[in-house]
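Note sheet for the following structure.
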Amino acid sequence: MLSSVFFRSRVLRALLGLTIACLGFATAADEVAVYTFDDEPAEVSANSGVLVLDQSGMNQNGTLYSGAELFKEGDDGALQLNGGTGFAKMILRKTRFDTAPFSVEFNILLDSLKDGMVMGKKLAEEPDAAGWVVETANKAQEIHFTFSDGQQSDALSVPLKNPQEWSHVVMVRDGKTVTVYVNGQLAGSKTSPVFGKDLQSPGDYFYLGKILGKLRSIHGKLDEVIIRNGSLTAEEVEKAYRAAKDKNIKKKRAAHLKRMSGVPQIRFRPLWCCTTDSTPIPERSRRI
């Protein structure tokens, strides 16, 4: 459940975005999809999965499938992926991943070091099929960002320290250069002709976890997934990281309290409280 302040800020940002769009202006990096996973689960229909709402105001909602779940830690939520076939299928019609700059932001925490897919805008699993994907590698010690124009592909890999703790990741594609930040710090950058090509895949769907095919999702959680038209600057990335860090600290506290709630509580009395005959020491002193 969103806090009232957080909810109001999201609503105001969404209204501002729509107003700017209607006036014909564009900011440096417009949010076109925001998935916080803080909403209460709601069934779409008896024949489909749980609805995931887009908080950007663009109405690019999605659905959970094959065991993917909404995970709650206190008032905050996250997408739980099962390391198998679970995934979220999101509508993403308000942006095109052609040659224009775009940015992808997300928080990730792995429950195991089993490698898998994090997300992708790609219809087929063939390496050179048009689109882009994010996946973990080398026992989750790295994150791979792979881009394909339909004829060839290229990738950038960056280290992921402490994969079983929350990490904030931002990827920026600007022209022929891809830059990745982890926890507010530059983690890697690469320039390639492929990165500057048209990366638009067929269809309107964006996947969190595995894309279609025999691939597998990560075993872990995703949160605060944000897609933007335009490239974030290093200063904007640092600001986004500080906001994410505050939320992740709250998640850790909520998880700790949840664990402690299941531990039997042992009450200790101070040694000076009672003697072996359960008579308080001050009482015994008065009797002497």
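Among residues two or more places apart in sequence or in another chain, the ring-ring contact (aromatic ring centres under 6.0 Å, His included) test is passed with Phe106 by none.
In the hydrophobic clustering of this structure, Val194 does not group with Val133; members are Ile, Leu, Val, Met, Phe, Trp, Tyr whose side-chain heavy atoms approach within less than 4.5 Å, directly or through other members. Val118 and Leu113 fall into different hydrophobic clusters, where Ile, Leu, Val, Met, Phe, Trp and Tyr side chains are chained together by heavy-atom contacts under 4.5 Å.
With rounding to the nearest 0.5 Å, the separation of CG in Asn82 from CZ in Phe87 is 11.0 Å. Between the CG atom of Asp174 and the OG1 atom of Thr99 there is a distance of 11.0 Å, given to the nearest 0.5 Å. Summarising the geometry, atom OG belonging to Ser201 is positioned 9.5 Å from atom CH2 belonging to Trp132; distances are rounded to the nearest 0.5 Å. A distance of 10.5 Å separates CD of Glu165 from CG of Leu160, quoted to the nearest 0.5 Å. Atom CG in Asn229 sits 11.0 Å away from atom CD in Glu31 (nearest 0.5 Å). Note that the CD atom of Gln80 and the OG atom of Ser217 stand 11.0 Å from one another [nearest 0.5 Å].
For the side-chain contact (heavy atoms from CB on, under 4.5 Å) criterion with Glu135, the lone passing option out of Ile143, Asp115, Thr146, Ile211 is Thr146. For the pairing with Ser112, the side chain to side chain donor-acceptor pair (under 3.5 Å) check across Gln164, Lys139, His219 returns one residue only, His219. When Phe97, Tyr207, Phe102, Tyr205 are each tested for a side-chain contact (heavy atoms from CB on, under 4.5 Å) with Lys121, only one passes: Phe97.
Shown here for Thr36 and Gln55, the closest heavy-atom pair between the two residues is OG1-CG, 3.8 Å. Nearest heavy-atom pair, Leu92 versus Ala33, reported as atom, atom and distance to 0.1 Å: CD1-CB, 3.7 Å. When all heavy atoms of Thr85 and Ser66 are compared, the closest pair comes out as O-CB, 3.3 Å. When all heavy atoms of Gly184 and Tyr241 are compared, the pair lying nearest together is N-CG, 3.6 Å. Ala88 and Leu64 make their closest contact through CB-CD2, 3.6 Å (heavy atoms, listed as atom of the first residue, atom of the second, distance). For the residue pair Gly77 and Asp223, the shortest heavy atom distance occurs at O-OD1, 3.2 Å.
At a threshold of 4.5 Å between non-hydrogen side-chain atoms, the residues Phe206 and Ile227 count as touching. Using a 4.5 Å heavy-atom threshold, the side chains of Lys245 and His168 count as separate. Put simply, the side chain of Val178 does not reach to within 4.5 Å of the side chain of Lys190, judged on heavy atoms. When side chains are defined from C-beta on, Leu199 does not count as touching Lys122, because their heavy atoms never get closer than 4.5 Å. When side chains are defined from C-beta on, Lys210 does not count as touching Leu81, because their heavy atoms never get closer than 4.5 Å. Side-chain contact check for Met171 versus Val134: every heavy-atom pair is 4.5 Å or farther apart. With a 4.5 Å cut-off on side-chain heavy atoms, Gln60 and Arg93 count as touching. Phe145 places a side-chain heavy atom less than 4.5 Å from the side chain of Val158.
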Handout entry: Working for side-chain contact (heavy atoms from CB on, under 4.5 Å), residues Val170 and Glu236
Key = CA-CA 10 Å; Val170 175; Glu236 290 170 328; over 6 Å; no

Practice task
Evaluate the criterion side chain to side chain donor-acceptor pair (under 3.5 Å) for residue pair Asp128 and Ser153; output intermediate values, then yes/no.
Solution key: CA-CA 5 Å; Asp128 291 336; Ser153 61; 3.1 Å; yes

Practice task
Under the side chain to side chain donor-acceptor pair (under 3.5 Å) rule, what do Thr177 and Thr191 come out as? Steps first, then yes or no, please.
Solution key: CA-CA 4 Å; Thr177 301; Thr191 299; 2.8 Å; yes

Practice task
Assess whether side-chain contact (heavy atoms from CB on, under 4.5 Å) is satisfied between Leu79 and Val225, documenting all intermediate values.
Solution key: CA-CA 10 Å; Leu79 172 63; Val225 178; over 6 Å; no

Practice task
Check step by step if side-chain contact (heavy atoms from CB on, under 4.5 Å) holds for Val237 and Glu105.
Solution key: CA-CA 9 Å; Val237 171; Glu105 176 185 352; over 6 Å; no

Handout entry: side-chain contact (heavy atoms from CB on, under 4.5 Å) between Glu69 and Phe37, worked out
Key = CA-CA 10 Å; Glu69 299 177 320; Phe37 311 106; over 6 Å; no

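Between Glu238 and Arg242 there is a salt bridge, since at least one side-chain N of the basic residue sits less than 4.0 Å from a carboxylate O of the acidic one.
The closest donor-acceptor contact from the side chain of Ser103 to the backbone of Gly230 lies under 3.5 Å. Listed for the Asp38 side chain is no donor-acceptor partner under 3.5 Å among the backbone atoms of Asp76. Judged purely by atom type and a 3.5 angstrom limit, Thr136 uses its side chain to pair as donor or acceptor with the backbone of Gly116. In this structure, the side chain of Lys114 engages the main chain of Gly83 through a donor-acceptor pair within 3.5 Å. Under the 3.5 Å distance criterion, the side-chain polar atoms of Ser231 are left unmatched by any main-chain donor or acceptor of Pro101. Looking at Asn138, its side chain never comes within 3.5 Å of a backbone N or O of Glu142 through a donor-acceptor pair. In terms of modelled atom types and a separation under 3.5 Å, the side chain of Lys94 and the main chain of Met58 share a donor-acceptor contact.
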